[in-house]
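These figures come from a predicted structure and were not determined experimentally.
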Amino acid sequence: MKKIGIGIAALLAGCCMPVEAIEGYNLVGVSANQMHFNIEEDGDETDSGSFLGFGVNYLHGFRLTGKLPLYLETGGSMKFMFYSDHQTTYSGVTPDGDWIRSGEYRQRIQTVTLTVPVNVAYKWQINDKWALVPYVGLDMKAHLSGWVTDITIDENGEFRDVGNLFSNGEDDMDGRKWRRFQLGWNVGVRAEYRRVFASASYGTDLTRVMDRDGAHIDTQNIAVTFGYKF
């Protein structure tokens, strides 16, 4: 993954010299997002799952050269992601072999992340109405907030514990806090019809969101975006 990041960074640097501001465009849109995660501890996968959420996105495209429809795109995306897990706990087995239900355990996580992409895009004009725009680039991520809520329900009632994902406190992540800042990469394609567009992208992390004490979390990110170009 580090080699991919170095290669993308070199491509971006090469394309930015010199920048000819001949023409540009703006893209605004909303996205449906999925962030799949894998948790590994001492080399063994211990858990996996997916966050689901939505984003509000803005990009500006700068024309890099007058000879080719090559653009540098950058802007910002505010993403709101949610995860939930529900497990039933059991205290034993009846003589008939049925499990005895003793309670429930639920976990909920909410995050808000500002992502700043820096992409190189190439516009392939199919006709006067349609265009395809493949792109590749880097993502700089700043996690603005993140909270985890653990809910235990048993015969004594419901108990809630709320923790900060970015704190190492004993009542929070207890030495395994998440990183506030990350670097990732993405690749995607955008279909444009006149002033509207739809795009799909995939990316992973170059720096893990958590990597401490032999445990780490890797994520893969998928987004589908619809918006307007002006």
Side-chain angles (χ1 to χ4, degrees), residues 8 12 23-37 48-63 69-85 107-149 165-166 178-207 209 217-230:
I8 294 173
L12 295 175
E23 61 181 76
Y25 52 80
N26 298 284
L27 302 169
V28 292
V30 294
S31 61
N33 300 81
Q34 180 191 49
M35 183 180 76
H36 183 79
F37 66 87
S48 65
S50 291
F51 284 73
L52 298 175
F54 65 94
V56 181
N57 315 289
Y58 168 78
L59 281 176
H60 181 79
F62 299 90
R63 185 74 178 258
L70 193 65
Y71 294 85
L72 176 72
E73 295 182 342
T74 188
S77 173
M78 192 71 73
K79 297 179 181 179
F80 305 86
M81 303 298 292
F82 307 91
Y83 169 79
S84 64
D85 185 31
Q107 186 178 70
R108 298 172 183 168
I109 303 175
Q110 304 90 33
T111 64
V112 179
T113 301
L114 173 64
T115 301
V116 177
V118 181
N119 299 331
V120 171
Y122 183 87
K123 184 177 181 181
W124 177 33
Q125 194 71 47
I126 300 174
N127 54 41
D128 60 345
K129 296 180 180 179
W130 285 94
L132 281 179
V133 186
Y135 56 88
V136 62
L138 297 175
D139 292 325
M140 293 166 282
K141 305 175 187 179
H143 300 292
L144 305 182
S145 70
W147 298 95
V148 54
T149 303
L165 292 174
F166 307 103
W178 289 18
R179 284 192 173 102
R180 282 280 187 184
F181 302 97
Q182 283 185 274
L183 183 66
W185 67 274
N186 76 93
V187 62
V189 63
R190 184 169 65 248
E192 299 178 358
Y193 177 77
R194 295 184 184 271
R195 293 287 186 178
V196 297
F197 71 88
S199 66
S201 66
Y202 169 82
T204 63
D205 297 329
L206 296 174
T207 55
V209 70
I217 300 176
D218 291 305
T219 72
Q220 302 88 43
N221 304 275
I222 298 173
V224 177
T225 305
F226 299 93
Y228 182 77
K229 179 180 179 181
F230 60 95

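In this structure, Phe181 places its CZ atom where only 12 or fewer heavy-atom neighbours from other residues, nucleotides or ligands lie under 6.0 Å away. No more than 12 heavy atoms of other residues, nucleotides or ligands shown are found within 6.0 angstrom of CZ on Arg108.
With sequence neighbours left out, Thr74 forms a side-chain contact (heavy atoms from CB on, under 4.5 Å) with Phe62, Val116, Val118. Under the side-chain hydrogen bond (donor to acceptor under 3.5 Å, both in side chains) criterion, Asn33 pairs with Ser31, sequence neighbours left out. In terms of the ring-ring contact (aromatic ring centres under 6.0 Å, His included) criterion, Phe226 has no residue partners (sequence neighbours excluded). With sequence neighbours excluded, the residues satisfying side-chain hydrogen bond (donor to acceptor under 3.5 Å, both in side chains) with Asn26 are Tyr58, His60. Under the side-chain contact (heavy atoms from CB on, under 4.5 Å) criterion, Leu165 pairs with Ile109, Thr111, Val148, Met173, Trp178, not counting sequence neighbours.
For Arg180 (side chain) and His143 (main-chain N/O), a donor-acceptor pair under 3.5 Å exists by modelled atom type. Using a distance-only test at 3.5 Å, with no hydrogens or angles considered, no donor-acceptor pair links the side chain of Thr113 to the main chain of Lys79.
The one candidate from Arg194, Arg195, Arg190 that meets the side-chain hydrogen bond (donor to acceptor under 3.5 Å, both in side chains) condition with Glu192 is Arg190.
Both cation-pi conditions hold for Lys229 and Tyr25: the charged atom is under 6.0 angstrom from the six-membered ring centre and inside a 45 degree cone around its axis.
Aromatic ring pairs are classed by plane angle as parallel below 30°, tilted from 30° to 60° and perpendicular above 60°; the pair Phe37 and Tyr83 is perpendicular.
Sorted by first then second residue, the salt bridge (Lys or Arg N to Asp or Glu O under 4.0 Å) pairs that include residues 116-141, not counting sequence neighbours, are Lys141-Asp205.
A distance of 11.0 Å separates CG in Asn221 from NE2 in His36, rounded to the nearest 0.5 Å.
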